[in-house]
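Structure first, commentary second.
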Protein chains: 2
Amino acid sequence: MAAFRRFNRYFTRRIGVLDDHYLGQDRPLGEARLLFEIGEGASLRELRRRLGLDAGYLSRMTKALQAQGLVRLVVPAHDNRLRLVEPTPAGRAEVAEQQRRADALAAGLLEGLGPAQRAELTAAMATAERLLRLAGITVETVDGASADARACLDAYAADIDARFPEGYDKAALVRPEEVTGDAGAFLVAYEEQRPVGCGALRRLAPGVGEIRHVWVHPEARRLGLARRLLAGLEQAALARGLAVVRLDTHAVLTEAQAMYRACGYAEIPRYNDDVYGGHWFEKRLRAEDGA
Amino acid sequence: MAAFRRFNRYFTRRIGVLDDHYLGQDRPLGEARLLFEIGEGASLRELRRRLGLDAGYLSRMTKALQAQGLVRLVVPAHDNRLRLVEPTPAGRAEVAEQQRRADALAAGLLEGLGPAQRAELTAAMATAERLLRLAGITVETVDGASADARACLDAYAADIDARFPEGYDKAALVRPEEVTGDAGAFLVAYEEQRPVGCGALRRLAPGVGEIRHVWVHPEARRLGLARRLLAGLEQAALARGLAVVRLDTHAVLTEAQAMYRACGYAEIPRYNDDVYGGHWFEKRLRAEDGA
DNA sequence: GGAGGTCTCTGACTACAGTCAAGGAATGGC
DNA sequence: GCCATTCCTTGACTGTAGTCAGAGACCTCC
């Protein structure tokens, strides 16, 4: 804990401040950040949400960037209230220059290290980033019909539709009422208010639950999030008096199968007529599981 | 490199900004930082140097803190121009509250992690900090009579005086002219403009140099800095046509002996009449050493 | 006993970051 | 067709950070 705070202080002082300062250089920091966030184009609404800025403040900064010839404002056809901000060639060049400067700064910071030390540093940072991200993700029970739940399921369906040789029919997804209240549960994992994973639990038979649709956003994989979702679903099952949970996976999802085995699931014979099923698993839950 | 920048961005956004923001809370960030830096008391001059602030700005902020009853200004007896800033009990309480808040924030960030994951995170951060610090340290050749060189040698002498059972007589230190120009070299390692280590090279005989006074500040140990200093001295020796370097160490400095062996030094018979010598080492240099 | 330098304080600024409220234009639901 | 809502813009502010120049008190060195 003390070590954590120590690192934070040291790192912020050495890198954080510098980074921002050099990035802006000849331009107010707010504008530089905004320009960077615009990227290849974004709506003002989106930028306001993402950066948490006041509408008036954002409007003015955007105008300033426009006056400098760095961005263009266009009105989208489908909604005349909105404004899309797009970088001009000059704006793109400016961002590239920002990146170049930041890279040069980073290179300068690493100058004193040999290749082996750099590799060690990179590995340590990757580990720290992975764990910090995982620490920042919260798993919440939401209504199966909520927008976030539907968005996750849509992404899940699109994801496996691309991976299954036979595709995936969205009609096979759980219905909201199956995962609500006593019947079951729907969990969504949030990273900085953005849903990045989900999992569903439904009642299969008395005392037996089924786990379905465990999914993690591609950008949030390899953090250990699927295990957290699984543990949360197991806890939800126990809370509903379901001492046994089952699930099936498609034959192509080999990593998923490995994870279920590692989490105490044992392969069992086919228990349903799911057309996508290739492997069936079961786990008997005890109170300490999913804690 | 990309990973490095990625981590910087992520970390700054997640931790750095928050940290500062929460720290200040009901007080301008500048004042909060200043109060923290004052610690148990400091002179305005010192604070100005350390924080890189404008004299007028600092004066005003200090006055503001004084008006809030958080610090006291006293004039030191030895120089009436200076002002010492000391925290009042209320100021101390304020800093403690800052710390408490920052700790709570950090604890909140780590909440989602189990003990094993926390340990992994802490280890990764310690590694990253060690390497970043090492990367930020520069080794420079300075005049043996310079203030920094003398400060390092004084610290070195005090250090080993405490460790040698028989104490240490400063008369045994190299004289500035022995480590100047063609005769030898004096290296000082700087971390953020502060000298944190040194090493001396002098000519012992034609083609033979002697390395002396390799020292690292207690707060900069275990970074691998002694090896860098040693490599720098070897390079300096080669540049002066000294293909062989020797050195001696006291019997109690066992870590130093291990380091010399690891760096290619072989123990040899006594080659001088140094009263502090307990082990004598030699290394034949090749062009690639010390590069 | 100056002369030159150091240290602090004060006044007068500037720029950036951010907030609040009013209002116009457009949209969507009824 | 109306009304509430959304989205953006504009004007009027506030507070913080930071700079610059001048002046007074004091110190050190010669």
Side-chain angles (χ1 to χ4, degrees), chain A residues 12-13 16-18 20-38 41-68 70-86 147, chain B residues 12-13 16-18 20-38 41-68 70-86 147:
Chain A
T12 310
R13 192 164 51 76
V17 181
L18 273 173
D20 271 357
H21 220 256
Y22 278 74
L23 209 69
Q25 204 94 30
D26 42 2
R27 181 178 312 291
L29 182 54
E31 285 181 20
R33 258 205 295 252
L34 176 58
L35 189 57
F36 176 79
E37 283 292 335
I38 288 168
S43 69
L44 285 186
R45 171 170 62 174
E46 196 182 331
L47 289 167
R48 222 178 41 219
R49 298 255 161 87
R50 213 155 68 204
L51 297 172
L53 295 175
D54 175 78
Y57 184 30
L58 177 60
S59 174
R60 242 183 291 269
M61 272 203 294
T62 312
K63 269 201 132 181
L65 288 177
Q66 192 183 20
Q68 292 167 70
L70 299 174
V71 301
R72 215 187 350 257
L73 277 173
V74 296
V75 179
H78 68 282
D79 190 337
N80 284 317
R81 293 170 305 178
L82 288 173
R83 296 289 176 278
L84 297 181
V85 199
E86 295 175 348
Chain B
T12 310
R13 193 164 49 75
V17 181
L18 273 173
D20 271 357
H21 220 254
Y22 276 73
L23 210 69
Q25 204 93 31
D26 42 3
R27 180 178 315 290
L29 182 54
E31 284 180 21
R33 258 205 295 253
L34 177 57
L35 190 57
F36 177 78
E37 283 292 334
I38 286 168
S43 69
L44 285 185
R45 172 171 61 174
E46 196 182 330
L47 290 167
R48 222 177 44 216
R49 298 254 160 87
R50 210 154 69 204
L51 297 172
L53 297 175
D54 175 79
Y57 184 33
L58 177 60
S59 174
R60 241 181 293 268
M61 271 204 294
T62 312
K63 268 199 132 179
L65 288 177
Q66 192 183 21
Q68 291 168 71
L70 299 174
V71 301
R72 217 190 343 259
L73 278 174
V74 296
V75 181
H78 68 282
D79 189 338
N80 284 316
R81 293 171 304 179
L82 288 173
R83 296 288 177 279
L84 296 181
V85 199
E86 296 175 347

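Note that this is a predicted model, so its numbers are computed, not measured. Quick note on labels: first sequence line is chain A, next is B, and so on, each numbered from 1.
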> C:dT27 P sits how many Å from A:His78 NE2, rounded?
Replying inline: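 These atoms are roughly 10 Å apart.
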
> Separation of A:Leu34 atom CG from C:dG18 atom C1', in whole Å?
Replying inline: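 Distance check: A:Leu34 CG to C:dG18 C1' gives 14 Å.
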
What distance separates [X] [atom1] from [Y] [atom2], expressed to the nearest 0.5 Å?
X: B:Ser43; Y: B:Arg81; atom1: OG; atom2: CZ; answer: 11.5 Å
X: A:Arg45; Y: A:Leu82; atom1: CZ; atom2: CG; answer: 5.0 Å
X: A:Leu34; Y: A:Arg27; atom1: CG; atom2: CZ; answer: 11.0 Å

>> Expected output is a numbered-order residue list: members of residues 53-63 of chain A with a heavy atom under 4.0 Å from any atom of DNA chain C. What is it?
In response: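 The answer is A:Asp54, A:Tyr57, A:Arg60.
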
> Hey, are the side chains of A:Glu37 and A:Leu51 touching, using non-hydrogen atoms and a 4.5 Å cut-off?
Replying inline: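 They are in side-chain contact.
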
> Taking C-beta and beyond as the side chain, do B:Leu70 and B:Glu31 meet within less than 4.5 Å on heavy atoms?
Replying inline: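 Answer no - side chains too far apart.
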
>> Can you tell me which residue among B:Thr62, B:Val74, B:Val75 is in a side chain to side chain contact (heavy atoms under 4.5 Å, CB included) with B:Arg83?
In response: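 Going through the options one by one, the only one that passes is B:Val75.
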
>> Holding to side chain to side chain contact (heavy atoms under 4.5 Å, CB included), I want the full list of residues that pass it with B:Asp54, two or more places apart in sequence or in another chain.
In response: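 Partners of B:Asp54 by the side chain to side chain contact (heavy atoms under 4.5 Å, CB included) criterion, ordered by chain and then number, come out as B:Tyr57.
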
> Can you find a donor-acceptor pair, distance only, under 3.5 Å between B:Arg81 side chain and C:dT6 base?
Replying inline: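 Between C:dT6 and B:Arg81, which were checked side chain against base, a qualifying N/O pair under 3.5 Å is present.
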
>> For a quick test of reading the model: is some side-chain N or O of B:Arg48 closer than 4.0 Å to OP1 or OP2 of C:dT8?
In response: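 Checking B:Arg48 against C:dT8: at least one side-chain N or O falls below 4.0 Å of OP1 or OP2.
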
> Is any side-chain N or O of B:Arg45 closer than 4.0 Å to OP1 or OP2 of C:dC7?
Replying inline: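 Indeed, a polar side-chain atom of B:Arg45 lies that close.
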
>> Taking the basic N atoms (NZ, or NE/NH1/NH2) and the acidic carboxylate oxygens, is any pair closer than 4.0 Å for B:Arg50 and B:Glu46?
In response: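 Answer for the salt bridge query: yes.
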
> Using a heavy-atom cut-off of 4.0 Å to chain A, what are the terminal contacting nucleotides of DNA chain D, in 5' to 3' order?
Replying inline: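 Contact span on the strand: D:dT6 to D:dA12.
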
> With nearest nucleotides of DNA chain C determined for B:Leu73 and A:Gly52 from heavy-atom distances, which residue corresponds to the more 5′ nucleotide?
Replying inline: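 First, find each residue's nearest nucleotide; the 5'-ward one identifies B:Leu73.
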
